[in-house]
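Starting from 1, each residue takes its place in the sequence as its number. Below, each value reflects all heavy atoms present in this structure, side chains not excepted, and no hydrogens, waters or symmetry copies. This is a predicted model, so every value here is computed, not measured.
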Amino acid sequence: KALYLQAEQLLLDELGFKDLDLRHQLCYTVPYKKTKEAGRLDAEYFQPKYERSLGLLGQSGFQIKDVAKVRKDRFKPKAGEPFDYIEIGNLHANGQADSEKIMGEDAPSRATSVVYTNDVITSTVRPIRRLSALIQPNQDGFVCSSGFAVLQTTNIEPEVLLVFLRLPIVCEILDLKTKASMYPAISTNDLLGMPIAMPSSQVRQQIVQLIGDAVQARQKARQLLEEAKLRVEE
């Protein structure tokens, strides 16, 4: 977790959020024209910190759709054949995901998307929860819930996109674009239209290294835990 937080802070500083005022303002005004253009009147949507953040991210001229595309490989379960399933509850605070083994005949209706190594999966339901993860080599070919958008990076390292999608301010902005009240979700188009700033190549490589180290640290922790269990049993 500490290694992941280093990567997150590195990206925030590189994008210019270190000196940006992200305080929640109690009182502010916006022209009526803006509310008409946005087609909404909820005050939270017009918080000045979101406008400042979008202005900062929009300077690059890039959107998520310019650096990643949605993967649409569909999964068809077969009776008698098990598969590894990743659902919302399997994601962790360090951008990694677990899975559970399920038989084909017991497949949930939401088990629809096949994921591959280095895909980034991000929950389209309640983005404020920061539920995104990077698919590891040992998870190649796993299946994930339809509640995720599966992103295949094209012009950015998947580790950098992962950290970007999990930045608190980015998740807050994405959450503003959700629709429905009982099951608020953001559309794929709104997700892909999110502005994204491109860090320098040096910073991107540092983030890749930190995320890689975090993955290895978690794997090592699991190994040590299994060894500890074995010793207790013995």
Side-chain angles (χ1 to χ4, degrees), residues 1-20 22 47 49-71 86 88 91-97 115-136 144 147-178 185-215:
K1 287 181 181 179
L3 287 165
Y4 179 86
L5 286 173
Q6 287 182 46
E8 185 176 281
Q9 192 58 53
L10 186 63
L11 183 59
L12 282 169
D13 293 347
E14 172 72 3
L15 297 184
F17 281 94
K18 184 177 181 180
D19 301 317
L20 196 68
L22 294 178
Q47 262 286 335
K49 67 174 181 178
Y50 299 137
E51 186 174 355
R52 288 193 287 267
S53 299
L54 286 170
L56 187 63
L57 295 172
Q59 291 176 2
S60 67
F62 289 104
Q63 297 178 333
I64 289 179
K65 65 183 178 183
D66 298 316
V67 298
K69 59 183 180 180
V70 176
R71 192 186 288 281
I86 302 172
I88 301 293
L91 269 61
H92 300 278
N94 54 3
Q96 298 178 41
V115 297
Y116 300 95
T117 303
N118 287 332
D119 281 348
V120 176
I121 59 174
T122 185
S123 174
T124 55
V125 181
R126 297 186 180 91
I128 196 69
R129 294 182 295 174
R130 305 176 66 200
L131 295 177
S132 299
L134 177 64
I135 300 301
Q136 301 300 318
C144 77
F148 292 109
V150 183
L151 301 177
Q152 180 184 10
T153 57
T154 54
N155 298 311
I156 195 173
E157 294 80 1
E159 293 86 353
V160 178
L161 179 60
L162 168 73
V163 178
F164 177 81
L165 287 172
R166 296 191 74 254
L167 291 177
I169 186 63
V170 169
C171 291
E172 287 181 38
I173 293 172
L174 291 174
D175 199 62
L176 291 175
K177 297 182 178 294
T178 58
I186 185 172
S187 70
T188 303
N189 286 337
D190 283 339
L191 173 64
L192 294 177
M194 176 72 187
I196 181 172
M198 293 292 285
S200 66
S201 58
Q202 180 182 359
V203 168
R204 296 206 306 267
Q205 288 308 311
Q206 286 179 279
I207 291 174
V208 170
Q209 183 64 50
L210 285 166
I211 296 301
D213 291 345
V215 170

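- Taking CG of L134 as the start and OG1 of T122 as the end, the distance is 12.0 Å to the nearest 0.5 Å.
- Nearest heavy atom pair, residue P127 against residue T178, reads CD-CG2, 3.4 Å.
- Of the inter-residue distances, the one linking K69 atom NZ with L151 atom CG reads 11.5 Å to the nearest 0.5 angstrom.
- With values rounded to the nearest 0.5 angstrom, I135 atom CD1 is found 10.0 Å from L162 atom CG.
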Evaluate side-chain contact (heavy atoms from CB on, under 4.5 Å) for Q206 paired with Q202, printing each intermediate quantity in order. CA-CA 6 Å; Q206 286 179 279; Q202 180 182 359; 4.1 Å; yes

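- Checked by atom type and distance alone, the side chain of T154 pairs as donor or acceptor with a backbone atom of V67 at under 3.5 Å.
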Might you work through the side-chain contact (heavy atoms from CB on, under 4.5 Å) test for L167 and L15, ending with a clear yes or no? CA-CA 11 Å; L167 291 177; L15 297 184; 4.2 Å; yes

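- Residues S53 and I169 approach most closely at OG-CG1, 3.4 Å, considering heavy atoms.
- Annotation for A214 and Q96: closest pair O-NE2, 3.5 Å, computed over non-hydrogen atoms.
- Here the CD1-CZ distance, from I88 to F148, works out to 3.5 Å after rounding to the nearest 0.5 Å.
- When all heavy atoms are compared, the tightest approach of L57 to M194 is CD1-CE, 3.8 Å.
- For the pair D190/L174, no side-chain contact is recorded, criterion being any heavy-atom separation below 4.5 Å from C-beta on.
- Atom-to-atom distance recorded for Y4:OH and I211:CD1 is 6.0 Å, nearest 0.5 angstrom.
- A donor-acceptor contact shorter than 3.5 Å links the side chain of E14 to the backbone of S200.
- Shown here is E157, whose CD atom has more than 12 heavy atoms of other residues, nucleotides or ligands within 6.0 Å.
- Rounding to the nearest 0.5 Å places CG of N155 at 7.5 Å from CZ of F62.
- Contact detail for P199 and V160: the closest heavy-atom pair is CG-CG1, 4.2 Å.
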Open item on the list: Is there a side-chain contact (heavy atoms from CB on, under 4.5 Å) between R204 and M198? Walk through the geometry before answering.
Closed with: CA-CA 9 Å; R204 296 206 306 267; M198 293 292 285; 4.2 Å; yes

Is there a side-chain contact (heavy atoms from CB on, under 4.5 Å) between Q63 and D66 once you walk through the steps? CA-CA 5 Å; Q63 297 178 333; D66 298 316; 3.8 Å; yes

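- E172 has its side chain within reach of I128: a pair of non-hydrogen atoms, C-beta onward, lies under 4.5 Å apart.
- Of all heavy-atom pairs between I64 and I196, the closest is N-CG2, 3.7 Å.
- Heavy atoms from other residues, nucleotides or ligands lying under 6.0 Å from NZ of K65 number 12 at most.
- Within the 4.5 Å cutoff, the side chain of L131 has no heavy atoms near those of the V125 side chain.
- Using modelled atom types, no side-chain atom of T124 and backbone atom of T188 make a donor-acceptor pair closer than 3.5 Å.
- Between L210 and V163, the closest side-chain pair of non-hydrogen atoms is not below 4.5 Å.
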